Each structure stands twice: as C-alpha cells, then as structure tokens.
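The analysis underlying the following values was restricted to heavy atoms, covering all of them including side chains, and did not include hydrogens, waters or symmetry mates. First the proteins, then the strands, lettered A, B, ... as listed; each starts at 1. All values derive from a computational prediction rather than experimental measurement.
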Number of protein chains: 4
Amino acid sequence: MAGVNKVILVGNLGQDPEVRHLEGGASVATFSIATSDSYTDRDGNRQTQTEWHNIVMWRGLATIAEKYLKKGSKVYIEGKLQYRSYEKDGVTRYITDIVARDMQMLDSRQDGQSNNGGYVPPTAANAPAAQPTSTPTPAAATPQATPDLSGAEGKDDLPF
Amino acid sequence: MAGVNKVILVGNLGQDPEVRHLEGGASVATFSIATSDSYTDRDGNRQTQTEWHNIVMWRGLATIAEKYLKKGSKVYIEGKLQYRSYEKDGVTRYITDIVARDMQMLDSRQDGQSNNGGYVPPTAANAPAAQPTSTPTPAAATPQATPDLSGAEGKDDLPF
Amino acid sequence: MAGVNKVILVGNLGQDPEVRHLEGGASVATFSIATSDSYTDRDGNRQTQTEWHNIVMWRGLATIAEKYLKKGSKVYIEGKLQYRSYEKDGVTRYITDIVARDMQMLDSRQDGQSNNGGYVPPTAANAPAAQPTSTPTPAAATPQATPDLSGAEGKDDLPF
Amino acid sequence: MAGVNKVILVGNLGQDPEVRHLEGGASVATFSIATSDSYTDRDGNRQTQTEWHNIVMWRGLATIAEKYLKKGSKVYIEGKLQYRSYEKDGVTRYITDIVARDMQMLDSRQDGQSNNGGYVPPTAANAPAAQPTSTPTPAAATPQATPDLSGAEGKDDLPF
DNA sequence: TTTT
DNA sequence: TTTT
C-alpha cells in the first residue's frame with residue numbers, strides 16, 4: 001500500500017516488436033531496447049556497458065508499437081518494473097519486465113521515410129504522446145505480463 | 001508536436017492547501033512545497049538553496065489534498081510544468097505551476113495522529129495512490145490555471 | 001534540508017544555444033525547448049498546448065551544447081527547477097529555469113550530417129550521457145528526512 | 001551508444017542492508033525494497049501487487065545505508081537498471097539490480113528516535129541528498145555488480 | 001522480506 | 001512559507 005515504481009528509458013529496439021492478440025481483444029507487444037553507459041575504467045580506457053530491457057506494452061500502446069516501431073527505432077519509454085517467474089525443465093526462471101505506460105517515438109519522420117521507404121502518416125508519425133487511445137478494456141490475461149492501463153498520462157487534460 | 005514534460009518532487013508544504021470549488025463541480029487545490037539543495041561553495045562553506053514550487057491539483061487530487069495535506073506535510077509529487085501569465089496593474093506577471101498527476105503522502109500515520117490528535121481513517125490515510133477518484137470531467141476553466149485531469153495514471157487499469 | 005527536485009524533458013530547441021564564457025573559466029549555455037501536449041477538448045476538437053522551458057547548462061554541458069545543439073535539435077534533458085527574479089524598470093520579474101545535469105541528443109547522426117554538412121565526431125555525437133565533466137567538489141553528504149506513507153503510481157496491474 | 005536508464009522508487013526495506021567492504025576499500029550495500037500497487041479487479045475486489053526490487057549501493061551511499069537504513073525504512077531511490085547472471089549448479093540465473101545513485105530517507109527523525117531510541121546526529125540526519133561522498137573512482141568491480149560513478153546530481157551547479 |  |  002505504498003510506493004513509487006517508475007522507470008524511464010531512452011534506447012533503441014533490438015528487434016521488431018512481437019505482437020500477440022489475445023482472446024479478450026487486448027493485444028500485447030513485447031520487445032527489448034538497449035541503453036548504453038560509457039565510463040572510463042581505472043586504466044583510463046573508455047568502456048561501454050549496454051543493458052537490454054524487456055518492454056511490455058498493452059492495448060493501445062501495443063497497437064502503436066506494432067504499427068510504428070521496428071528494429072532500431074529509438075524510443076522514450078516510461079513504465080514500471082514488474083518481476084515474474086516461470087518453470088521450465090524443472091528450473092525456475094526469473095524475468096524482469098518494464099510495463100510501459102507512455103511511449104514517444106524519437107526517430108525523425110525523415111528517418112522513417114528513408115528507412116522503410118514508406119509513407120508515414122503525419123498524424124501518426126508525429127504523435128507526440130503515443131498513448132493508448134483505445135480504452136483499457138480489461139483484457140485476457142497472459143502468463144507473461146500483466147495488462148497495463150497504460151498511457152494515461154497527459155492524455156486527459158484540458159488546458160482551461 | 002512531441003515531448004516529455006515531467007516533474008518529480010519530494011518536499012514539504014509551506015502552508016495548508018487552498019482549495020476552490022468551481023462551478024462545474026471540479027475543485028482545484030494550490031499550495032507550494034519546498035525542496036532544498038545543499039552544496040559546498042568555493043570557500044568550503046556549506047550552503048543550502050531552497051526552491052519553492054507552486055503545485056496545482058485538480059479534481060480528485062484536490063479533494064485528497066484538502067483532506068489530508070497541511071502545512072508541513074511531506075509529499076511526493078509527479079506532474080508537469082505549465083507556464084501562465086496575467087496582467088496586473090499594467091504589468092504582465094509570469095507564473096510557473098507544476099500540475100500534479102500523482103501524489104504520495106510521505107508522512108507516517110503516527111505522525112499525523114500525533115500532530116492533529118485526530119483519527120485518520122485507514123482507508124483514506126492509506127490511500128496508496130492519491131489519484132483523482134472522481135472522473136476527470138472536463139471542468140470549468142479558471143483564469144489562472146488549466147484543468148488537468150490529473151492523476152490519471154494507473155487509475156484505469158484492470159488487471160485482466 | 002531534504003527533497004527531490006527533478007525535471008525530465010524531451011523537446012526541441014527553439015533557437016541556437018546562447019553561450020557565455022565567464023571570467024572564472026566556466027561557461028553557460030541557455031536556450032529554450034518546447035514540449036507539446038495534445039488533448040481533445042469538450043467539443044471533441046484536438047488541441048495542442050505547447051510549453052517553452054528555459055534551459056541552463058553549465059561547464060561541460062554548455063560546451064557540448066555549443067558544439068552540437070542548434071535550433072530544432074531534439075534533446076532529452078534531466079535537471080532541476082530553479083527560480084530567480086530580477087528588477088527591471090522598477091518591476092520585479094520572475095524567471096523559472098531548468099538547470100540541466102544530463103543531456104542526450106536525440107537526432108540521428110544521419111540527420112545531423114545532412115542538416116549541417118559537417119562531420120560529427122562519433123565520440124561526441126554519440127556521447128550517451130553528456131554530463132558535465134568539470135565538477136564542483138562533491139561534498140560530504142548525509143541523509144535523512146521525514147515521515148511517510150503513501151502509495152501511488154502504477155497501482156494498477158496484475159502480473160499474469 | 002546512447003540512452004537513458006533511470007529508475008525512481010519509493011518503498012520500504014524488507015530487511016536490514018547487507019554491507020560488504022571490498023579489498024580496494026570500496027563498500028557495497030544490498031537490500032530489497034517493496035513497492036505496492038493497488039487496483040480493483042474485475043470482481044470489484046481490491047487487490048495489491050507488491051514488487052520487490054534489489055537495490056545496490058556503492059561507496060558513500062553504502063556507508064550511509066549501513067548507518068541509517070534498516071528493515072522497514074522508507075526511502076526514495078534514484079538509480080539505473082543493471083542485469084547480471086551467474087552460474088549455479090549448472091544453471092544460469094538472471095538477476096536484475098537497481099544501482100542507486102541518489103537516496104533520500106523518508107522516515108521522520110521522530111520516528112527514527114521512537115523506533116530505535118538512539119540519537120540521530122543532526123548533520124547526518126539532515127543530509128538532504130545522500131549521495132556518495134567518495135569520488136567516483138572507477139573501483140574494483142565485483143562479480144555481481146558494476147561500479148557506479150554514482151552521486152553525480154547537483155555536483156555541478158552554481159547557484160547563479 | 002516491507003509498509004498501510 | 002516547509003523541513004532537517
């Protein structure tokens with residue numbers, strides 16, 4: 001009954017999002033993004049450490065991910081940490097997911113065009129806050145990640 | 001057409017929240033909180049710099065602020081920066097607000113009790129996520145701050 | 001003597017950074033960046049509200065800003081809120097700055113190249129964490145603050 | 001070669017910090033903190049989901065953790081995600097750590113006093129930002145977590 | 001394993 | 001104007 005659990009990432013997708021459409025109508029997108037840290041070690045050498053984060057997006061965000069994200073895309077993601085485990089071959093595996101609730105595409109529109117040769121609808125490509133537009137319909141659960149009512153932030157305010 | 005505008009604060013209220021109930025039914029709470037920074041100046045002296053932030057809470061968050069926050073309360077606030085200006089005596093004044101969308105009370109219940117001698121209803125005192133419970137009905141505007149449907153996060157999800 | 005004062009922004013520069021080199025050897029870069037919020041008003045019309053943030057960068061960050069940022073550049077900025085005022089014509093003006101302590105350039109290198117025709121040194125352009133290299137002596141810190149309780153964000157999902 | 005990897009948590013320690021003093025002189029504190037999420041399930045029942053986060057603190061932060069944190073303490077933590085793995089019984093185990101670079105104690109001094117009956121030195125108790133005091137010298141690594149140059153925040157600011 |  |  002307490003707490004703040006917030007993750008903020010900016011990184012690039014390691015592969016195209018994998019999207020599953022659940023029975024209840026909800027969809028989930030999963031993919032990983034890399035963030036890198038540079039530092040100078042005790043010998044004065046420049047080192048880079050890369051971390052790969054498992055991202056999970058539900059519903060509206062999943063739809064946007066499916067449409068607009070692909071391997072290499074740079075994104076801003078805000079979400080929360082969620083830990084889960086499962087049994088496999090008698091061994092328990094532990095997984096850490098970042099369940100997104102806000103996402104921003106950080107590739108310039110030009111890049112998108114030059115990269116995939118396709119036309120990217122301005123409204124979508126520019127979509128400032130890629131948050132679920134569809135209602136967070138309580139969806140079918142899946143064994144691996146929990147539904148998020150994602151993308152609530154900001155979408156709601158009226159300026160006056 | 002894009003962007004992230006996020007503020008995260010932990011500080012103490014400088015005064016009791018001031019709450020206004022608007023015609024449309026919405027309410028707004030305003031107050032300021034202090035955050036302090038310490039650093040050592042070039043003369044080796046310890047210095048503290050305190051910043052006072054204007055907080056604006058709408059609807060459900062305003063109600064919670066009215067009920068549970070008071071001068072001295074320590075809070076965690078997540079929100080966004082919003083700038084506004086108004087004319088007064090022929091001079092334009094500029095104001096910066098942090099419009100909250102999530103709030104956490106950081107005073108222990110014991111403290112509350114010892115401070116005000118009153119009983120704090122567990123359900124309320126414990127309110128884990130002090131987010132607006134009332135629906136973010138687009139509310140009546142005010143000349144000075146824009147309504148935020150604040151506290152949207154998380155409030156929406158159903159786990160399945 | 002306590003607190004968290006953190007701002008996270010992703011936006012585009014409204015103009016080239018203005019850099020001043022101070023007597024002591026330090027330099028400061030200032031510029032503004034825009035973040036936009038979209039929402040649907042009560043008439044169902046799509047509205048956008050743009051906020052312009054004053055950014056201040058010191059020392060190493062100022063140098064990087066001077067070299068690599070220009071009007072239109074997209075950046076991630078982490079910093080803190082700082083308020084100041086000054087007298088002008090007998091009127092006190094209030095200013096809100098975001099003093100950066102981390103910056104990330106979010107334009108693809110290709111973009112940079114095509115935009116300014118210049119070669120962007122990989123080490124700099126890629127610099128993952130453009131943080132001040134020079135440093136005011138980190139001083140002794142010690143901790144502690146007050147009560148707490150709360151529990152807000154993300155309170156929503158279920159793991160399966 | 002770029003990225004943001006940031007975690008912000010507010011939660012309570014599940015046990016006293018475990019501190020190890022390494023040969024090189026550095027120390028590491030590890031402990032876990034809980035954050036909880038509440039939501040209403042489809043049957044209208046209030047549910048809580050708790051996540052346990054592994055926290056790693058180096059050097060100065062470790063020292064502060066050792067001195068001031070204990071089971072039940074409420075803290076604000078800012079850090080980064082770091083993944084590691086190790087072999088055990090022929091099975092590879094994966095661990096996710098949050099390497100802290102800023103920490104704030106959120107328990108009131110009064111609470112601390114009543115809890116442990118001890119006197120909390122004001123200078124220490126008041127320390128606003130519990131950041132590593134020791135220089136971020138790339139330190140001896142340990143098999144399980146990489147050194148963090150933690151405690152960068154604020155180190156650069158000049159108030160003017 | 002914590003908190004409320 | 002708060003906190004420590």
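Atom NE2 in B/His53 sits about 13 Å away from atom C1' in F/dT1, given to the nearest Å. Here E/dT1 presents its P atom at 18 Å from OH of A/Tyr83, a figure rounded to the nearest Å. In this structure, the CG atom of D/Asn54 is 16 Å from the P atom of E/dT2, given to the nearest Å. What separates CG of B/Asp107 from C1' of F/dT2 is a distance of 11 Å, to the nearest Å. Remark: C1' of E/dT2 and CG of D/Leu9 are 13 Å apart, rounded to the nearest angstrom. The OH-P distance, from B/Tyr76 to F/dT3, rounds to 22 Å in whole Å. Counting to the nearest Å, the P atom of E/dT1 and the CH2 atom of D/Trp52 are 9 Å from each other. At whole-Å resolution of the value, CD1 in D/Ile55 and C1' in E/dT1 are 13 Å apart.
With sequence neighbours left out, A/Arg93 forms a salt bridge (charged side-chain N to carboxylate O under 4.0 Å, His left out) with no residue at all. For D/Lys67, there are no salt bridge (charged side-chain N to carboxylate O under 4.0 Å, His left out) partners, not counting sequence neighbours.
Between A/Lys6 and B/Glu78, at least one side-chain nitrogen of the basic residue sits less than 4.0 Å from a carboxylate oxygen of the acidic one, meeting the salt-bridge criterion.
With distances taken from any side-chain atom of D/Asn12 to the nucleotides F/dT2, E/dT1, E/dT3, the minimum falls on E/dT3. Nearest to the side-chain atoms of D/Lys71 among the listed nucleotides E/dT2, F/dT1, F/dT2 stands E/dT2. Between E/dT2, F/dT2, F/dT1, one nucleotide has an atom nearer to the side chain of B/Ala34 than all others, and that is F/dT2. Comparing F/dT1, E/dT1, F/dT2 by their closest approach to the side chain of B/Gln15 singles out F/dT1.
Applying the side chain to side chain donor-acceptor pair (under 3.5 Å) test between D/Asp97 and each of D/Lys80, D/Arg84, D/Gln82 identifies D/Arg84 as the sole match.
Residue side chain D/Ser36 does not reach the base of E/dT3 through any donor-acceptor N/O pair under 3.5 Å, judged by distance alone.
At the phosphate of F/dT3, neither OP1 nor OP2 sits under 4.0 Å from any side-chain N or O atom of B/Lys74.
Residue contacts shown for D/Ile33 are absent, as no nucleic acid heavy atom lies under 4.0 Å away.
Within 6.0 Å of CD on D/Gln15 lie more than 12 heavy atoms contributed by other residues, nucleotides or ligands.
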